[in-house]
Q: 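I have a structure here, written as structure tokens, and I will follow up with some questions on it.
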Amino acid sequence: MEAKKGWSETFRAAFPHTLPVMTGYLVLSLAYGVLMQSKGYGPLWSTLTSALAYSGSMQYAAVILFAGSFDPLAALVLSITINARYIFCSVGMLNRFSNTGLFKPFLFFALSDESFALASTLDVPEGMDKGRFYFALFLLNYSYWVLGTLAGGLIGQMIKFNTAGLDFALTAMYAALFIDLLGDRSSRISGVIGLVCTVLSLLIFGSGNVVIPAMVLIIIVLVAGRRKIA
């Protein structure tokens, strides 16, 4: 039986697959660190948030909560609705993460959209331990986000500049992903559902309360129509 390859070989095999993620994560996390600094939260707080929460979309949304009066219930509901998609992502990874041993808790903790895409499409290289390979992929992506946040916080301390519009970075990324989604016929229906539900929520609840109703409506429609959509 061929011996399993070591850690260095595992990380060398995983690293090339994470390069596109690194490019996006470093830009977005750097902007997040700078934005948090502009709201009075130094590198320590922004880095801890990235290390413990590790949810780009929720972290950007939470900047508004940090800047205003704290509402625990609103923060909880917003966090659950924004991150509800990870319930389905986690279910989809149950088979992939089987027999990964002690790595499994971290894999589910670090299951971001980009890591999910990698894990669901990549096959473990021959001769490599599955748990180690997925751990290497996820740890690299996780480190890009946390280290980028730290760098952004430090840069925000040293350089003072106008941060107006910086919080739009994540929105711009999702807008680009949405446009790309519409170009794929097999997944176009999901994008249309998201757009229609969001517009309906905007018309009914207004721009100040659109996120939670839109997310709830999207989840209901996707669950109810999952057979036809699939």
Q: May I ask you to decide if Asp123's main-chain N or O and Lys130's side chain share a donor-acceptor pair within less than 3.5 Å?
A: no
Q: Any side-chain heavy atom of Leu150 within less than 4.5 Å of one from Val146?
A: no
Q: CD1 of Ile218 to SG of Cys197: how many Å apart, nearest 0.5 Å?
A: 5.0 Å
Q: My understanding is that a hydrophobic cluster links ILVMFWY residues whose side chain heavy atoms are under 4.5 Å apart, including indirect links. Using that, what else belongs to the cluster containing Leu76?
A: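 Cluster partners of Leu76: Ile80.
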Q: Under the 3.5 angstrom rule, does the side chain of Arg132 hit a backbone N or O of Thr10 as a donor-acceptor pair?
A: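 Not at all, since once roles are kept as given, no pair shorter than 3.5 Å links the two residues.
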Q: Report the distance from atom OH of Tyr25 to atom OG of Ser112, rounding to the nearest 0.5 Å.
A: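 Here the interatomic distance stands at 3.0 Å.
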Q: Have a look at Phe11 and tell me which of Leu140, Thr18, Leu137 forms a side-chain contact (heavy atoms from CB on, under 4.5 Å) with it.
A: Leu140
Q: Just by distance, do the side chain of Gln157 and the backbone of Leu154 share a donor-acceptor pair under 3.5 Å?
A: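 Not a single qualifying donor-acceptor pair exists.
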Q: The criterion is ring-ring contact (aromatic ring centres under 6.0 Å, His included); which residues satisfy it with Phe116, sequence neighbours excluded?
A: none
Q: For the residue pair Trp145 / Gln59, report whether a side-chain donor-acceptor contact shorter than 3.5 Å exists.
A: yes
Q: Are side-chain N/O atoms of Ser50 and Thr149 paired as donor and acceptor at under 3.5 Å?
A: yes
Q: Verify whether the ring centers belonging to Phe103 and Phe135 lie closer than 6.0 Å.
A: yes
Q: Between Tyr60 and Tyr32, what is the ring plane arrangement, given parallel below 30°, perpendicular above 60°, and tilted in between?
A: tilted
Q: Check the pair Leu202 / Thr198 against side-chain contact (heavy atoms from CB on, under 4.5 Å), numbers first and verdict last.
A: CA-CA 6 Å; Leu202 177 63; Thr198 302; 5.5 Å; no
Q: How long is the span from the OG atom in Ser90 to the CG atom in Leu107, to the nearest 0.5 Å?
A: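 The OG atom of Ser90 sits 10.5 Å away from the CG atom of Leu107.
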Q: I need the single residue from Phe106, Tyr142, Phe108 that forms a ring pair (Phe, Tyr, Trp, His ring centres under 6.0 Å) with Tyr54. Which is it?
A: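 So the option named by the test is Tyr142.
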Q: For the pair Ser115 (side chain) and Leu111 (backbone), establish whether a donor and an acceptor sit closer than 3.5 Å, ignoring hydrogens and angles.
A: no
Q: Can Leu118 and Phe138 be said to form a side-chain contact (heavy atoms from CB on, under 4.5 Å), step by step?
A: CA-CA 9 Å; Leu118 289 177; Phe138 283 33; 5.7 Å; no
Q: Does the side chain of Phe15 come within less than 4.5 Å of Leu19's, by heavy atoms?
A: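 SC-SC contact between Leu19 and Phe15 confirmed.
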Q: Would you say Ile204 and Pro213 make side-chain contact, with heavy atoms under 4.5 Å?
A: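 No, every pair of side-chain atoms sits at 4.5 Å or beyond.
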Q: Assess whether atom CG of Leu102 is packed by more than 12 heavy atoms of other residues, nucleotides or ligands within 6.0 Å.
A: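 Open: at most 12 neighbouring heavy atoms sit under 6.0 Å from CG of Leu102.
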Q: Could you tell me whether the side chain of Thr47 and the main chain of Leu44 form a donor-acceptor pair under 3.5 Å?
A: no
Q: Using a 6.0 Å cut-off, check whether atom NZ of Lys104 has over 12 heavy atoms from anything other than its own residue.
A: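 Correct, the count exceeds 12.
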